[in-house]
Chemist: 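First, the structure itself, so that you have it in front of you.
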Amino acid sequence: MSSLIKVNLTFSGGVELLFNNIKQKIIEIPSTINPPKPTTMKDLILWIKDNLLQERSELFVSGNTVRPGILVLINDTDWELEGELEYEIKDNDEIVFISTLHGG
């Protein structure tokens with residue numbers, strides 16, 4: 001049986017509108033969503049889509065990743081430096097999703 005890990009999520013820059021205006025949420029997810037592999041960012045994004053996203057999933061996800069225009073930070077570091085979808089989620093990680101797209 002997999003243990004639970006706590007993850008601190010932040011949504012800003014407008015992406016929070018897709019989550020019923022929730023800007024911060026602490027979640028607990030299994031440390032192995034797809035056993036025996038550890039939970040990765042790919043797993044987390046799909047979990048967020050299935051469990052937290054309130055509307056218009058196409059504005060948050062594209063396939064199994066976030067849409068272009070959404071900056072993702074893992075513990076204050078650009079996720080591109082952390083391995084993007086392959087990053088293994090750890091207990092108390094802070095994951096931030098920031099929309100960089102603005103109408104106007």
Side-chain angles (χ1 to χ4, degrees):
M1 185 169 146
S2 136
S3 60
L4 293 177
I5 52 177
K6 184 169 63 169
V7 181
N8 301 300
L9 302 175
T10 302
F11 306 101
S12 65
V15 78
E16 70 274 10
L17 299 173
L18 304 174
F19 296 91
N20 204 24
N21 285 318
I22 294 173
K23 291 191 176 216
Q24 292 191 314
K25 181 147 185 92
I26 297 173
I27 61 168
E28 288 187 340
I29 58 172
S31 60
T32 54
I33 288 178
N34 292 309
K37 297 179 180 179
T39 295
T40 63
M41 276 297 293
K42 177 181 175 182
D43 299 322
L44 177 64
I45 289 167
L46 296 176
W47 187 94
I48 290 170
K49 176 186 172 199
D50 293 341
N51 294 281
L52 298 179
L53 192 60
Q54 297 293 307
E55 59 182 84
R56 302 190 64 188
S57 63
E58 71 276 7
L59 295 179
F60 183 69
V61 294
S62 177
N64 60 4
T65 190
V66 293
R67 286 189 50 83
I70 296 180
L71 175 65
V72 181
L73 301 176
I74 300 171
N75 300 318
D76 295 323
T77 302
D78 188 326
W79 78 323
E80 291 181 5
L81 301 173
E82 296 289 349
E84 296 182 351
L85 293 174
E86 301 307 313
Y87 174 80
E88 294 178 3
I89 303 294
K90 297 171 191 60
D91 196 33
N92 293 310
D93 271 349
E94 294 191 20
I95 312 294
V96 180
F97 299 91
I98 305 169
S99 175
T100 61
L101 300 177
H102 302 280

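Every value quoted in this text rests on a predicted model; they were computed, and no experiment measured them.
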Chemist: Kindly indicate whether the side chain of L46, heavy atoms from C-beta on, has any atom under 4.5 Å from the side chain of V61.
Modeler: no

Chemist: Measuring only between side-chain heavy atoms, which start at C-beta, is V15 closer than 4.5 Å to I98?
Modeler: no

Chemist: Considering residues at least two apart in sequence or located in another chain, which fulfil the ring-ring contact (aromatic ring centres under 6.0 Å, His included) criterion with Y87?
Modeler: none

Chemist: Rounded to the nearest 0.5 Å, what separation is found between the CD1 atom of I45 and the CD1 atom of I70?
Modeler: 9.0 Å

Chemist: Among residues two or more places apart or on two chains, list those pairs meeting ring pair (Phe, Tyr, Trp, His ring centres under 6.0 Å) that have a residue in residues 66-85.
Modeler: none

Chemist: For R56 and L18, indicate whether the former's side chain and the latter's backbone hold a donor-acceptor pair under 3.5 Å.
Modeler: no

Chemist: More than 12 heavy atoms of other residues, nucleotides or ligands under 6.0 Å from NZ of K6: yes or no?
Modeler: no

Chemist: Which of these, E94, E16, Q24, K23, sits in a side chain to side chain contact (heavy atoms under 4.5 Å, CB included) with T10?
Modeler: Q24

Chemist: Apply side chain to side chain contact (heavy atoms under 4.5 Å, CB included) to I22 and list each qualifying residue two or more places apart in sequence or on a separate chain.
Modeler: K25

Chemist: According to a hydrophobic-cluster definition based on side-chain heavy atoms being under 4.5 Å apart (Ile, Leu, Val, Met, Phe, Trp, Tyr only), do L17 and V96 belong together?
Modeler: no

Chemist: Quick test of your reading: applying ring pair (Phe, Tyr, Trp, His ring centres under 6.0 Å), list the pairs with at least one residue in residues 22-50, sequence neighbours left out, ordered by first then second residue.
Modeler: none

Chemist: What is the distance from atom CG of D91 to atom CG of L4, rounded to the nearest 0.5 Å?
Modeler: 9.5 Å

Chemist: According to a 4.5 Å side-chain heavy-atom criterion applied to Ile, Leu, Val, Met, Phe, Trp and Tyr, with indirect links allowed, do I33 and M41 form part of one hydrophobic cluster?
Modeler: yes

Chemist: Output every pair passing ring pair (Phe, Tyr, Trp, His ring centres under 6.0 Å) with a member in residues 7-37, not counting sequence neighbours, ordered by first then second residue.
Modeler: F11-F19, F11-F97, F19-F60

Chemist: Are T77 and L73 packed together at the side-chain level, in the sense that at least one heavy-atom pair is separated by less than 4.5 angstrom?
Modeler: no

Chemist: What I want to check is whether the side chains of N8 and D93 have a donor and an acceptor closer together than 3.5 Å.
Modeler: no

Chemist: Does D76 have more than 12 heavy atoms from other residues, nucleotides or ligands lying within 6.0 Å of its CG?
Modeler: no

Chemist: Are L53 and I95 connected into the same hydrophobic cluster when the rule is that any two of I, L, V, M, F, W, Y join if their side-chain heavy atoms are below 4.5 Å apart?
Modeler: yes

Chemist: Please round to the nearest 0.5 Å and tell me the distance separating atom CD of E86 and atom NZ of K37.
Modeler: 8.0 Å

Chemist: Could you check if a side-chain atom of I26 sits within less than 4.5 angstrom of a side-chain atom of V7, using non-hydrogen atoms only?
Modeler: no

Chemist: Are the side chains of L44 and I48 in contact, using a 4.5 Å heavy-atom criterion?
Modeler: yes

Chemist: Mind checking whether I74 and V66 sit in one hydrophobic cluster, side chains of I, L, V, M, F, W, Y counted as touching below 4.5 Å?
Modeler: yes

Chemist: Is the shortest side-chain heavy-atom distance between L85 and N64 below 4.5 Å?
Modeler: yes

Chemist: Which pair of non-hydrogen atoms, one from G13 and one from S99, has the smallest distance, and what is that distance?
Modeler: O-CB, 3.3 Å

Chemist: Suppose we screen for side chain to side chain donor-acceptor pair (under 3.5 Å). Which residues come up paired with T39, at least two apart in sequence or across chains?
Modeler: none

